[in-house]
Amino acid sequence: MQIRTWLRLTVTFTLFATVAVSSAQQIPAIAQDSPPDKEFPASTEAPDITSHGVRLNAVFYLASGRGPNPVVLLMHGFPGNEQNMDLAYAIRRLGWNVLVPHYRGSWGSQGTFSFANSIDDTQSAIQFLREAENVKTYRIDPKRIVVIGHSMGGFMVAYAAAHDPQVLGVAMISAWNIGPSMVRQSAKERLPTFVVAAAPRLSGTTPDGLVAEARQNSENWDYLKFVQGLKSRPILITESIDRNVDDNKALAQALRKAGNPNVSESEMQTDHSYADHRIALQVAVINWLETTFMQKTQ
């Protein structure tokens, strides 16, 4: 019985991987480089973003072409070990600019890390994309901003979009529902991550302080309460085998129940960082951007 089960799983995963690779080969943004543009080449910039008087480090992947180009704000998770740069490159090849900022107190950004500060920092990054000087310098179309976030970043972009109706769409990759998750009995399973991740990589905070902050704001930091603010926008929710999957599914269901006809849901048999499904994740995100927004970007 164990051998049969193993064989079934092996065949399933092999078929899934084959489909993902085959799909990737058919998507130019994943399989091949963009044609060069001598006058307006693709480039990588390192702008400073100001958030409440504090400097945030950022990487800005600029697509080739005169533009103005649509732009993705790509927010990483806690504390940012997986920054999804493969997604950034694929999205740039699709013709989008991609801004990847680092929250206060993380990865060289100034200031103190906290969840509240990260919420503000995400909103500050969106405002950076709308400032007239930046629009001109980086060939941005400020009316075509899509936000994508992984894990904690998924919560951040959902919060930002729910409070900013001008954001075109939201993609949440294994999004962590910060508030509710930290008051459940299962919260103790997350505590080692706080100790290992927070102390060496984040400035001005402690694991105990972060836990206390999340629990103190558990009512407000629940993305199921953002449904009304998100129900009119296209939403992509990708799920993996992790502690967030139940919240992810609950959000997709709540959005559909609220009348959102543009909810895309993708389930992948992989870990929280999509370690062995990076191509599959690129396929899901690129397909969503193409089918949902490309008519508006042409």
Side-chain angles (χ1 to χ4, degrees), residues 13 16 20 72-84 87 115 118-119 122 146-163 167 169-187 189-190 193-194 197 214 217-289 291-292:
F13 291 148
F16 185 89
V72 162
L73 174 64
L74 180 60
M75 304 302 295
H76 64 67
F78 174 90
N81 293 329
E82 176 56 71
Q83 296 178 10
N84 298 291
L87 283 182
F115 297 125
S118 298
I119 290 172
T122 305
V146 170
V147 293
I148 300 177
H150 177 212
S151 192
M152 184 189 83
F155 173 89
M156 296 300 161
V157 297
Y159 186 102
H163 293 80
V167 170
V170 184
M172 301 168 66
I173 302 169
S174 295
W176 174 25
N177 201 7
I178 297 174
S181 71
M182 294 311 298
V183 294
R184 295 172 184 152
Q185 184 64 31
S186 59
E189 299 173 6
R190 297 181 183 268
T193 302
F194 278 63
N217 293 277
S218 60
E219 289 292 322
N220 294 326
W221 292 353
D222 179 355
Y223 54 53
L224 292 179
K225 294 184 177 179
F226 306 160
V227 167
Q228 290 302 309
L230 297 173
K231 67 178 183 180
S232 63
R233 260 82 56 84
I235 309 291
L236 170 64
I237 297 173
T238 73
E239 301 155 2
S240 56
I241 304 173
D242 61 13
R243 294 186 292 258
N244 301 320
V245 65
D246 290 342
D247 283 327
N248 299 162
K249 290 183 178 297
L251 178 61
Q253 183 179 6
L255 286 165
R256 293 188 181 106
K257 187 175 180 181
N260 189 333
N262 297 311
V263 179
S264 302
E265 192 174 2
S266 178
E267 301 178 33
M268 300 187 194
Q269 300 297 306
T270 187
D271 67 354
H272 181 65
S273 64
Y274 294 73
D276 56 7
H277 277 58
R278 299 304 307 181
I279 292 176
L281 182 60
Q282 290 178 56
V283 169
V285 171
I286 294 300
N287 278 338
W288 177 70
L289 287 172
T291 58
T292 308

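Within the 4.5 Å cutoff, the side chain of Q282 has heavy atoms near those of the L87 side chain. Put simply, the side chain of I173 reaches to within 4.5 Å of the side chain of Y274, judged on heavy atoms.
With Q253 contributing its side chain and A250 its backbone, the two residues share no donor-acceptor pair below 3.5 Å. Checked by atom type and distance alone, the side chain of D271 pairs as donor or acceptor with a backbone atom of A275 at under 3.5 Å.
The distance from the CG atom of L236 to the OG1 atom of T292 is 8.0 Å, given to the nearest 0.5 Å. From S174, atom OG reaches atom CG of L281 across 8.5 Å, with rounding to the nearest 0.5 Å. Summarising the geometry, atom CG belonging to N262 is positioned 9.0 Å from atom CD1 belonging to I235; distances are rounded to the nearest 0.5 Å. Remark: R190 CZ to R243 CZ distance equals 5.0 Å, nearest 0.5 Å. Between the CG atom in L255 and the NZ atom in K257 there is a gap of 12.5 Å [rounded to 0.5 Å]. Atom OG1 of residue T291 and atom CD1 of residue I286 lie 10.5 Å apart, to the nearest 0.5 angstrom.
Heavy atoms only, all atoms of each residue included: N244 and A175 are closest at CB-O, 3.5 Å. A pairwise comparison of heavy atoms in A160 and T122 identifies CB-CG2, 3.9 Å as the closest pair. In this structure, N248 and E239 approach most closely via the heavy-atom pair CB-CG, 3.6 Å. Between S240 and V245, the shortest heavy-atom contact is O-CB, 3.6 Å. In plain terms, the two heavy atoms of N260 and S232 that are nearest each other are ND2-N, 4.2 Å. Counting all heavy atoms, side chain and backbone alike, G169 lies closest to W288 at C-CH2, 4.2 Å.
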For this session: Check step by step if side chain to side chain donor-acceptor pair (under 3.5 Å) holds for T270 and D276.
Result: CA-CA 7 Å; T270 187; D276 56 7; 2.5 Å; yes

Exercise. Does the side chain to side chain contact (heavy atoms under 4.5 Å, CB included) test come out yes or no for V147 and V72, once each step is laid out?
Worked result: CA-CA 6 Å; V147 293; V72 162; over 6 Å; no

For this session: Please report the C-alpha distance between L251 and F226 in whole Å, then the side-chain angles of each, then the deciding distance to 0.1 Å, and finally whether the side chain to side chain contact (heavy atoms under 4.5 Å, CB included) criterion is met.
Result: CA-CA 9 Å; L251 178 61; F226 306 160; over 6 Å; no

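Salt bridge status for R256 with E265: present, with a side-chain N to carboxylate O gap under 4.0 Å. Between D247 and R184 a salt bridge is recorded (basic side-chain N to carboxylate O distance below 4.0 Å).
No donor-acceptor contact under 3.5 angstrom links the side chains of S266 and T238, judged on distance only.
With ring centers used as reference points, Y223 lies 6.0 Å or more from Y159. Between F115 and W176, the ring center distance clears the sub-6.0 Å criterion.
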Going by atom type alone, with no hydrogens or angles, which donor-acceptor pairs under 3.5 Å involve a side-chain atom of residues 148-158 and a protein atom two or more places apart or on another chain?
| unit_1 | atom_1 | unit_2 | atom_2 | d |
| --- | --- | --- | --- | --- |
| H150 | ND1 | N84 | ND2 | 3.3 |
| H150 | NE2 | H272 | O | 2.9 |
| S151 | OG | H272 | NE2 | 2.8 |

